[in-house]
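Scroll down for the structure; my scribbles are underneath it.
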There are 2 protein chains.
Amino acid sequence: MSDGSMRRGMGWSTMADVAREAGVSLMTVSRVYKRPDSVAQRTREKVLETGRRLGFSPNSIAGNLASGRTSMIGIVVPSLRNSNNATSIQGMADYLRQASYHFMIANTGYSMEDEAAVVKAFMQRRPDGMVLTGTRHGHETIDLLKAAHMPVVETWETRGPFIDMATGFDNYEAARRITRHLVDRGYRTIGYIDYPAIGLDRYLERLRGLKDELGSAGLEPTSVVSPLDAGDLYQDASSFRGGALGLRKLQEASRDIDAVLCASDILAVGVLFECQRQGVRVPDQLAVAGFGDFEIAAEVPPGLTTIRTHGYQIGWNAAEMLVTRINQPRAEIPLRDVGYDLVVRGSS
Amino acid sequence: MSDGSMRRGMGWSTMADVAREAGVSLMTVSRVYKRPDSVAQRTREKVLETGRRLGFSPNSIAGNLASGRTSMIGIVVPSLRNSNNATSIQGMADYLRQASYHFMIANTGYSMEDEAAVVKAFMQRRPDGMVLTGTRHGHETIDLLKAAHMPVVETWETRGPFIDMATGFDNYEAARRITRHLVDRGYRTIGYIDYPAIGLDRYLERLRGLKDELGSAGLEPTSVVSPLDAGDLYQDASSFRGGALGLRKLQEASRDIDAVLCASDILAVGVLFECQRQGVRVPDQLAVAGFGDFEIAAEVPPGLTTIRTHGYQIGWNAAEMLVTRINQPRAEIPLRDVGYDLVVRGSS
DNA sequence: TTGTAAGCGTTATCAA
DNA sequence: TTGATAACGCTTACAA
């Protein structure tokens, strides 16, 4: 910051100030900060030195307006507290950072109306791309994004239709896989604790996978409970308790359950805790399995059998696909399936 | 989107398009979208209807440039995966949303150089305010923010000096409080497992509090270990393992430890898991205490004694202070101490 | 209540 | 390699 360079609202010096001080044209200053190589070294150094002296910081808002590009991504997630999301957000953050993009982020609280509102609000800032969680969205949201030709990546699922691009894994197959594991291990009466949020496709897919797999094994359909409860949903963090609650519900529903599959590791760990309190031995009296392979799954005794998802990779992919498409608007970018892994531990 | 309204880079209609179609001036359209009440109802309806028809969405980039305000906040955190941060981020998100602000967020990976780079990059987008985590920052960062007269809130600590505003709690006193609890319970040889990241003031404060409290109780200084390990630090999530590792280090250092205090609940839960694996009874053979009161603290058997921090409130406060200051640049906004609570559970 | 004029600080474009 | 000029789409300030 300096002398006579104060302007209106802010106290920033501008390119014009630097240009005048350095005795070059506005455009030269612009070039120095945007594509330094396109300016002669002597000129560049003079300009940079002047810029430093004036405390100049390029105003990207102005640049955005002039160029029509913002280098900004909008990210929409159901919750900011969900550690699953956190991992994929970190993946996006890491990719975007090295690509010189920033991102704004908002949560919808699992509500489609809120999602629509967020997307609409984000659009006014003209992001270069947008990342959504899941594949189920309101018509308004979809129409808006499509009409604007906004590059969009939907995450965590691989079953379309998609607005534009997608990366994730097959929740249905993953659920079948871990169910098959339980069946192979000899468990016959498998309870399911659903995610405490309604209507998310990826959780519906998991449940469907479980049911189909049990069906093809000739087993009775499972007993399904959900610890759904407004408080839980809003807090989102409170899912250990949800798992404990779910186990109790299952126990009420039928006494002879020998395994419990949970829609997430957090729920499953809650089940393990409840078993410990009840003196139920895992896996002898009850097997437990989760979904996600969060860090705790490996650490909680006796180790939680689960499906490892690749959240970080999903985030990284999403960002990479977006940036690719931004730079090559006509590129056809196919679905990226990051897969999943069955991880067997002591709980089964 | 419509007919002849396609423009340069983007395909958006502009206020000028709407104005022409609706037969009013540009300013009237602007007013309709910014302060609807300042326009006659008939006019307003006509403009809105036209806007809808043209798929008009106000370009806030242009608005920002003209008005010198962005309604954008920059948030800088050490890690996006840390659930402690997640809670306070949610607090900010909730406040900012109702105040019609958006935010961009970036993580520094606990590095001051990265923090400086992030702050510098954010500044180019001219946010209306900035939130930093902690109170220790590089000179460059501090000078930049001060020179720009950027409203800034530092979070999670209450000991200055501050760049501008701050909200948090007294980590030193909180650590003394929970240490006193352990001492009162009769524990005499208290080990400490430090946070696996170096030089963060709030963790240094916690350790200092522990030492001072032990000192005034006339007890031997504690045995301190840190599960520090590059992998842990980078992943940040891997702290359950850090707790287990820390316990083993403590056990090697001295056999007669009867209590362990941890710099975070995650570490403490890792200790509980390790105790379970080793067959160590908690709290009979070893008491365990954490810091944070994450959801798991209440759920893990036998319940974790800990310090409840008010992360959501910290986030909410930070956002509120920022918005207040933005609207009243000369307002003196004092430190907001959200306090802490000792929560005693079965582990002690 | 509505309109006119003058920027806001950059970048695209074309020319030198 | 550098420069002149015209946008970019909106808001502020003032006028009617």
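Computed from heavy atoms alone, side chains included, the values below leave out hydrogens, waters and symmetry copies. Naming: A, B, ... by sequence-line order, numbering from 1 per chain.
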- From CG of Asn64(B) across to P of dT10(C) the rounded distance in Å is 14 Å
- Message: Tell me whether Asp17(B) contacts the main-chain N or O of Thr14(B) through its side chain, where contact means a donor paired with an acceptor under 3.5 Å.
- Response: yes
- Note on the structure: Ile61(B) CD1 to dG9(D) C1', in whole Å, measures 11 Å
- Task: Would you classify Leu26(A) as touching base, sugar-phosphate or nothing, given that sugar-phosphate means primed atoms plus P, OP1 and OP2, and contacts are heavy atoms under 4.0 Å?
- Result: base
- Query: Can you check the Trp12(B) CH2 to dA7(D) P distance for me, whole Å?
  - Reply: 23 Å
- Task: For Tyr312(A) and Asp94(A), test the side chains for any donor-to-acceptor distance below 3.5 angstrom and give the result as yes or no.
- Result: yes
- Message: Is any side-chain heavy atom of Arg44(B) closer than 4.5 Å to one of Arg31(B)?
- Response: no
- Item | Nearest-nucleotide pick for Ser25(B), side chain only, options being dT11(D), dC8(D), dT4(C) | dT4(C)
- Out of curiosity, Arg325(B) CZ to Met165(B) CE, how far, rounded to the nearest 0.5 Å? 4.5 Å
- Nearest-Å distance for atom pair CZ/P, residues Arg20(A) and dT10(C): 12 Å
- Pro58(A): what forms a side-chain contact (heavy atoms from CB on, under 4.5 Å) with it, not counting sequence neighbours? Tyr33(A), Phe56(A), Gln124(B)
- Between dG9(C) and Thr14(A), is there an OP1 or OP2 to side-chain N/O distance shorter than 4.0 Å? no
- Nearest-Å distance for atom pair CG/C1', residues Asn59(B) and dG9(D): 6 Å
- Members of residues 27-46 of chain A that approach DNA chain D, where some heavy atom sits under 4.0 Å away: Met27(A), Thr28(A), Arg31(A), Val39(A), Ala40(A), Thr43(A)
- Query: Charged N to carboxylate O under 4.0 angstrom, Glu140(A) versus Lys120(A)?
  - Reply: yes
- Message: Side-chain N or O of Ser67(A) versus OP1/OP2 of dT11(C): is the shortest distance under 4.0 Å?
- Response: no
